[in-house]
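The block underneath contains the structure these notes are about, expressed in structure tokens.
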Amino acid sequence: MNRPNLKTLLIGALAGLTAFLLMLGASMQPSFFSALLYTASALPILLVGLGWGNAAAIAAVVTAAALGATLFSPSFALIMTLVTLLPAGWLSHLANLARPASELGGPDHLLAWYPLSDILLHLCGLVTLAVIVIGVMIGYGPQVTDQIVDLLIASVKEQQPEFMPDPAATAQTKSLIVLMLPALQGGMWVSMLFAAYYFAVRIVAASGRGLRPREDIPSSLRMNRNSIFIFLAGLAACFFGGVPALVGATVTGTFGAGFMLSGFASLHFRTRGKDWRLPALILSYLASMLMLLPALLILVLGLSDTRKAIALTPTKDADAPKQSDTKI
């Protein structure tokens with residue numbers, strides 16, 4: 001095993017500094033722009049991990065976390081690590097994993113790369129863990145969301161004094177909001193981190209430093225079959241109430257986002273070569289953002305198409321055909 005050189009560690013440290021500055025900027029911005037900066041903070045970690053390997057990624061994560069703990073607080077560093085640094089570093093590690101295809105029953109002269117479906121599974125799991133830990137840190141629960149609903153009702157009353165909310169409807173809204181927030185937060189973060197991974201892969205591939213072959217996302221991005229059972233377990237837990245319901249809502253949101261991503265990928269793949277492809281895709285994206293039913297249809301499409309697509313490339317010393325995908 002080769003020991004990392006000083007240049008690799010310095011590149012990783014520089015990436016960690018960049019990630020920290022982006023995270024710092026995100027903490028000082030309005031909500032929408034901060035979400036973009038939080039996502040962008042994952043890019044430096046992914047870039048060095050995909051291009052320079054695990055040593056650079058570890059150096060980047062340690063540098064960013066140390067800066068956060070030193071200049072702000074350990075809790076800030078922990079949240080930063082859970083939300084961005086750890087998922088980005090782990091995704092780059094998984095993306096660089098490969099083994100001889102012969103171990104999977106394939107040809108001897110090919111390498112089989114870690115399946116994209118399993119990378120997405122790990123991402124959903126890491127974001128679920130991050131949302132749960134952060135929820136425990138801030139004491140998330142009805143006592144937090146109930147205050148938000150009460151403030152909204154008070155604001156409406158100030159503008160419309162005749163408004164008299166129904167107590168039963170208010171209680172139902174509060175019970176719904178407490179489950180919706182972690183589900184939406186987790187789902188949004190899975191989608192944004194995968195977008196960061198996608199752009200990082202494109203950038204590294206264009207630079208020529210990438211180890212992993214560039215995959216055809218529409219044909220290879222699907223969820224692992226075992227993810228269905230995790231998603232259904234999370235959905236069932238939502239009906240138990242209390243802490244199990246909060247955990248279940250988080251799982252439903254993160255893994256549901258994974259299935260939606262694979263559903264959109266499947267839609268891209270199924271509409272290839274069609275004249276109406278572009279307007280259909282635009283309409284699907286817009287409708288899914290604005291209405292619940294189209295989003296559920298995309299989710300069902302993702303649930304109905306679960307498999308692995310393993311990227312295969314020739315070994316360094318082999319004269320073999322170019323990259324291909326094997327579906328399992």
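Sequence positions, counted from 1, serve as the residue numbers for this chain.
Using a 4.0 Å cut-off between a side-chain N of Lys or Arg and a carboxylate O of Asp or Glu, D305 and R225 do not qualify as a salt bridge.
In this structure, the ring-ring contact (aromatic ring centres under 6.0 Å, His included) partners of Y197, at least two apart in sequence or on a different chain, are F194. F72 pairs by the ring-ring contact (aromatic ring centres under 6.0 Å, His included) definition with F76, not counting sequence neighbours. Residues forming a side chain to side chain contact (heavy atoms under 4.5 Å, CB included) with T128 (at least two apart in sequence, or on another chain): I132, T250, V251, T254, F255.
Here the side chain of T18 pairs a donor or acceptor atom with the backbone of L14 at under 3.5 angstrom. With hydrogens and angles ignored, the 3.5 Å screen pairs a side-chain donor or acceptor of S175 with a backbone N or O of Q172. The closest donor-acceptor contact from the side chain of S155 to the backbone of L151 lies at 3.5 Å or more, if one exists at all.
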List the atom pairs, donor and acceptor, that lie under 3.5 Å between side-chain atoms in residues 200-210 and the rest of the protein, sequence neighbours left out.
from: R202; atom 1: NH1; to: Y198; atom 2: OH; distance (Å): 2.6
from: S207; atom 1: OG; to: V204; atom 2: O; distance (Å): 2.7
from: S207; atom 1: OG; to: R209; atom 2: N; distance (Å): 3.4
from: R209; atom 1: NE; to: G51; atom 2: O; distance (Å): 3.2
from: R209; atom 1: NH2; to: G51; atom 2: O; distance (Å): 3.3

Return a table of donor-acceptor pairs under 3.5 angstrom between the side chains of residues 36-43 and protein atoms on other chains or two or more places apart.
from: T39; atom 1: OG1; to: A35; atom 2: O; distance (Å): 2.9
from: S41; atom 1: OG; to: Y38; atom 2: O; distance (Å): 2.5

Under 3.5 Å, which donor-acceptor pairs do the side chains of residues 54-63 form with other protein atoms, sequence neighbours left out?
from: N54; atom 1: OD1; to: H93; atom 2: ND1; distance (Å): 3.3
from: N54; atom 1: ND2; to: H93; atom 2: ND1; distance (Å): 3.1
from: T63; atom 1: OG1; to: A59; atom 2: O; distance (Å): 2.7

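In this structure, I11 CD1 and T8 OG1 are separated by 6.0 Å, a value rounded to the nearest 0.5 Å. Distance check: S284 OG to H268 NE2 gives 8.5 Å after rounding to the nearest 0.5 Å. Taking CD1 from I148 and CG from L181, the interatomic distance works out to 6.0 Å, rounded to the nearest 0.5 Å.
Between the side chains of N224 and S227, no donor-acceptor pair is found at a separation under 3.5 Å.
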Steps toward side-chain contact (heavy atoms from CB on, under 4.5 Å) verdict (L91, L50) = CA-CA 9 Å; L91 290 185; L50 292 168; over 6 Å; no
request  = May I have the step-by-step check of side-chain contact (heavy atoms from CB on, under 4.5 Å) for F231 and L303, ending in yes or no?
outcome  = CA-CA 10 Å; F231 175 75; L303 285 166; 4.3 Å; yes
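Between F264 and the options F259, F269, Y285, a ring pair (Phe, Tyr, Trp, His ring centres under 6.0 Å) holds for only Y285.
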